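Take a look at the structure below.
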Amino acid sequence: MTTIADRISIAQSRINQAAQKCSRSSAEISLLAVSKTKPISDIVAAYQAGQRLFGENYVQEGETKINALQADYPDIEWHFIGPLQSNKTKIVAEHFDWMHTLSRAKIAQRLHEQRPINKQPLNVCIQVNISQEQSKSGVNAEDVAMLALTISSLSNLKLRGLMAIPTATDDIQLQQQEFSQLKQIFDQLKQQYPSVDTLSMGMSGDMDIAIANGSTMVRIGSAIFGER
Ligand SMILES: *Cc1c(COP(=O)(O)O)cnc(C)c1O
């Protein structure tokens, strides 16, 4: 039976191999462990294996876990990666270190206003809808610049980059096309904003192709914690 520690080490070697294949340094690529729906004991097991970055999708579940773990594990970095309604922004502003799914100016404004003054600015990524599926959330490619401008004017937010969830498909060519489109938008944004350094793309099923296209953060859930 493999343990969480084994699977973290396997995920890390997949990152190393994928990076090596495209002549990138694996030091540029962070592993975000997506612990949604999984118990606190799993997070502790991952922590003990050296994992420090954790991603949660649901506001209340994330808040509960952060409250339970913060005192004993203050060096965990908490990333919110789920859809966020405007009436729940306060919980994210008060508890999380990162927010990956920003796609509305109104939410940005609220997160800015609700960020406690004793905390560092909230690190944010703009979620881009690069998928063919209209139902997916995120801003369209042509609206990234406008939202970036709004975020950059809000002192309690720090614009770190872009995030995307590509079309769920086995079509490698389509995946490749979507990831490389996101990389292009990312490179443009990076030229304008020196704080931009994060391209959050790649999950358990598509991390290799994401890394080949410049991902700097892969979000891995099931490959570490098992199926949900
Ligand atoms: C659940 C989730 C992941 C992790 O997906 P796996 O396929 O379990 O690796 C990554 N990103 C987001 C936004 C998610 O909701």
Side-chain angles (χ1 to χ4, degrees), residues 2-15 17-18 29-40 42-43 45-46 49 51-66 76-85 88 91-92 96-104 107 122-133 135-139 160-172 174-175 178-179 182-183 186 198-228:
T2 57
T3 63
I4 286 174
D6 294 335
R7 285 181 243 129
I8 286 176
S9 126
I10 292 166
Q12 195 59 60
S13 25
R14 273 180 69 192
I15 292 173
Q17 278 169 17
I29 303 148
S30 313
L31 172 58
L32 179 62
V34 178
S35 43
K36 66 181 176 213
T37 78
K38 298 295 176 179
I40 286 174
D42 281 5
I43 298 177
Q51 182 64 33
R52 293 294 179 269
L53 276 49
F54 291 89
E56 289 287 339
N57 282 60
Y58 309 104
V59 176
Q60 260 101 24
E61 181 187 338
E63 181 186 25
T64 303
K65 288 172 172 173
I66 294 170
I76 291 182
E77 197 176 83
W78 293 99
H79 293 240
F80 186 76
I81 62 169
L84 183 60
Q85 292 170 322
K88 304 252 175 75
I91 299 175
V92 171
F96 282 85
D97 302 297
W98 282 71
M99 155 71 176
H100 287 230
T101 48
L102 197 52
S103 60
R104 289 160 61 199
I107 301 269
L122 181 67
N123 297 293
V124 299
C125 291
I126 295 173
Q127 183 174 1
V128 187
N129 184 4
I130 46 166
S131 155
Q132 312 293 312
E133 300 152 88
S135 59
K136 283 273 165 68
S137 43
V139 300
R160 296 298 295 269
L162 301 178
M163 178 272 202
I165 304 170
T167 308
T169 175
D170 294 330
D171 181 344
I172 308 253
L174 179 59
Q175 283 183 330
E178 292 185 358
F179 283 139
L182 195 68
K183 172 75 159 87
F186 175 69
T198 303
L199 184 53
S200 166
M201 63 181 194
M203 307 199 263
S204 297
D206 56 15
M207 63 189 280
D208 300 83
I209 186 161
I211 289 170
N213 284 281
S215 167
T216 71
M217 193 177 287
V218 290
R219 308 180 305 265
I220 308 297
S222 50
I224 293 175
F225 297 109
E227 293 301 325
R228 286 177 298 272

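Since we're looking at a predicted model, the values are computed, not measured. Both ligands and their constituent atoms are indexed starting at 1 by order of listing.
Between the side chain of K65 and the main chain of K38, a donor-acceptor pair closer than 3.5 Å is present. Using modelled atom types, one side-chain atom of E61 and one backbone atom of T37 make a donor-acceptor pair closer than 3.5 Å.
Remark: minimum distance from atom 7 (O) of ligand 1 to any protein heavy atom is reached at S222 OG, 3.7 Å. Of all protein heavy atoms, the one lying nearest to atom 9 (O) of ligand 1 is S204 OG, 2.5 Å.
Listed by number with element, the atoms of ligand 1 under 4.0 Å from a non-hydrogen atom of I165 are 13 (C). Near N57, with a cut-off below 4.0 Å to any heavy atom, the atoms of ligand 1 are 14 (C), 15 (O).
Considering backbone and side-chain N/O atoms, A223 never comes within less than 3.5 Å of an N/O atom of ligand 1.
Residue contacts with ligand 1, taken as heavy atom pairs separated by less than 4.0 Å, do not involve T101 at all. With a heavy-atom cut-off of 4.0 Å, R228 touches ligand 1 through its side chain alone. Residue I220 touches ligand 1 through its backbone alone, judged by heavy-atom distances below 4.0 Å.
Of the options M203, R219, K36, the smallest heavy-atom separation from atom 2 (C) of ligand 1 is shown by K36.
A distance of 9.5 Å separates CG of L102 from CD of Q127, quoted to the nearest 0.5 Å.
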Before giving the answer on side-chain contact (heavy atoms from CB on, under 4.5 Å), spell out for N213 and M201 the whole-Å C-alpha distance, their side-chain angles and the decisive distance to 0.1 Å.
CA-CA 9 Å; N213 284 281; M201 63 181 194; 3.8 Å; yes

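With hydrogens and angles left out, the side-chain atoms of D6 and S9 include no donor and acceptor closer than 3.5 Å. In this model, a donor atom of one side chain and an acceptor atom of the other lie less than 3.5 Å apart for S35 and E56.
Between F80 and F96, the two ring planes are perpendicular [angle over 60°; tilted spans 30° to 60°].
Proximity of M163 to ligand 1 is established by a heavy-atom distance of less than 4.0 Å.
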